[in-house]
Amino acid sequence: QYKRISRRGCYMKQLLTWILEGFFLIIVLIVSLLLYAPQQGEQIMHIKMIQVTDKNKEKAIEQGSLMFVKTFSELEQPKNNTLISFQADRFGESVILTHMFVKSEVRNQTTYYITQAPDSSYYDTYETTHEDLIGTYLFHMQYMGNVYEFLQSTYGKLTYGIITGICVLASLYVQITALRRDRKKKTAEKITEQARQEEEELQEIPQTKQALPDHGETLDIQVNKLEQKILAEIEAGTQKKEEIPAYQLKEIREALGKR
């Protein structure tokens with residue numbers, strides 16, 4: 001029972017290790033998609049990362065932060081009083097802004113989405129259509145925008161590839177080592193069990209041989225008593241000697257020995 005509990009504990013520990021390492025690999029895959037294949041990442045997870053710079057910083061979102069937004073589908077409409085990110089033309093330059101969505105208006109059969117900056121009491125003057133919408137603001141991570149900018153550089157991509165490769169190889173090495181260790185442990189337990197069984201069998205053999213003389217002595221005593229009884233009957237005349245074949249005593253001895 002102790003061995004079963006020990007094996008179950010090792011199995012649960014190995015399973016937990018696999019789960020954690022699998023979760024780590026999934027995180028690495030998601031981050032890699034969002035960093036270096038943003039279009040595929042948006043199609044699969046509907047998540048987009050936006051770096052906050054001095055051109056699109058807001059009062060509530062610090063410069064150098066990294067925003068995460070949930071992208072809109074083709075027919076999805078933003079909800080009122082929620083922060084949304086959208087493309088805007090600010091002084092002739094295209095920027096991504098994150099403002100509060102207030103309402104939508106239809107003019108000349110075109111729907112425009114009215115927004116308002118968090119620190120302003122007036123509506124934006126941008127004529128934002130559905131094509132300009134990016135997604136709903138989820139959260140932001142301060143200072144991670146600088147890290148994002150570094151990872152977009154050539155040196156950053158090389159660094160990310162090396163670190164990720166080392167982590168993946170280390171994870172695979174840990175898995176392979178654990179499997180080999182588990183296999184060696186099972187083999188050692190099997191050999192130990194076989195040795196224990198062989199030792200028990202060897203211990204049973206001397207006990208059997210040692211018991212035989214005692215059993216044989218008991219049979220000899222019984223046969224001797226039977227011989228004496230037969231001889232006494234012959235002497236008393238109740239049993240004739242010629243009526244007892246010479247081999248009968250031997251048969252009696254063998255019969256008693258088979259019991």
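Note that these values count all heavy atoms, side chains included, but never hydrogens, waters or copies made by symmetry.
- Counting only N and O atoms by type, the side chains of Y36 and Q152 include no donor and acceptor under 3.5 Å apart.
- Tracing side-chain contacts under 4.5 Å through hydrophobic residues (I, L, V, M, F, W, Y), one never reaches V52 starting from L138; they form parts of separate clusters.
- H99 and F86 have perpendicular rings, their planes meeting at more than 60° on a 0 to 90° scale where under 30° would count as parallel.
- Nearest heavy-atom pair, E74 versus H130, reported as atom, atom and distance to 0.1 Å: O-CE1, 3.0 Å.
- Shortest non-hydrogen contact noted between A117 and D124 is N-OD1, 3.6 Å.
- Follow the hydrophobic side-chain contacts under 4.5 Å out from V147 and you never reach I50; the two are in separate clusters.
- The side-chain contact (heavy atoms from CB on, under 4.5 Å) test applied to T159 returns F150, Y155, I163, not counting sequence neighbours.
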message: Run the side chain to side chain contact (heavy atoms under 4.5 Å, CB included) test on Y143 and S65 for me, step by step, so that the C-alpha distance in whole Å, both residues' side-chain angles and the decisive distance to 0.1 Å come before the verdict.
response: CA-CA 5 Å; Y143 308 119; S65 299; over 6 Å; no
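- V28 and L169 sit in two unconnected hydrophobic clusters of ILVMFWY residues. Membership requires side-chain heavy atoms under 4.5 Å apart, directly or through other members.
- Across all non-hydrogen atoms, the minimal contact from I47 to L34 is O-CD2, 3.5 Å.
- Heavy atoms from other residues, nucleotides or ligands lying under 6.0 Å from CZ of R107 number more than 12.
- Side-chain contact between Q51 and E149 is present, with at least one heavy-atom pair separated by less than 4.5 Å.
- Here CZ of R183 is found 8.0 Å from OG1 of T187. Values are rounded to the nearest 0.5 Å.
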- request: Check the pair L33 / I44 against side chain to side chain contact (heavy atoms under 4.5 Å, CB included), numbers first and verdict last.
  value: CA-CA 9 Å; L33 278 175; I44 296 173; 4.3 Å; yes
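- The hydrophobic clustering, which links ILVMFWY residues whose side-chain heavy atoms are closer than 4.5 Å, places I162 and V168 apart.
- Closest approach of T111 and S104 over heavy atoms only: CG2-CB, 4.0 Å.
- With rounding to the nearest 0.5 Å, the separation of CZ in F101 from CG in L83 is 12.5 Å.
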- request: Kindly determine whether Y112 and T128 satisfy side chain to side chain contact (heavy atoms under 4.5 Å, CB included), including the steps that lead there.
  value: CA-CA 5 Å; Y112 294 94; T128 305; over 6 Å; no
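- Side chains of S85 and T98: a donor on one and an acceptor on the other come within 3.5 Å.
- In M141, the CE atom is not crowded: 12 or fewer heavy atoms of neighbouring residues, nucleotides or ligands sit closer than 6.0 Å.
- By the 6.0 Å contact criterion, CD on Q197 is enclosed, its count of non-hydrogen atoms from other residues, nucleotides or ligands being greater than 12.
- Using modelled atom types, one finds a donor on one side chain and an acceptor on the other under 3.5 Å when comparing S94 with Q87.
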task: Any chance you could lay out the side-chain hydrogen bond (donor to acceptor under 3.5 Å, both in side chains) test for Y113 and Q77, step after step, and finish with the verdict?
output: CA-CA 10 Å; Y113 299 88; Q77 298 295 321; 2.6 Å; yes
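- Of the N and O atoms on the side chains of S171 and E21, at least one donor lies less than 3.5 Å from an acceptor on the other residue.
- Evaluation of the salt bridge (Lys or Arg N to Asp or Glu O under 4.0 Å) test over residues 31-51, restricted to residues two or more places apart or in two chains, returns E42-K48.
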message: With side chain to side chain contact (heavy atoms under 4.5 Å, CB included) as the criterion, how do I84 and I134 come out once you've worked through the C-alpha distance, each side chain's angles and the decisive distance to 0.1 Å?
response: CA-CA 7 Å; I84 63 171; I134 297 176; over 6 Å; no
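- Taking the charged nitrogens against the carboxylate oxygens, E193 and R196 do have a contact shorter than 4.0 Å, which makes a salt bridge.
- Put simply, L158 and L151 are part of two different groups of oily side chains (I, L, V, M, F, W, Y) that touch within less than 4.5 Å, one to the next.
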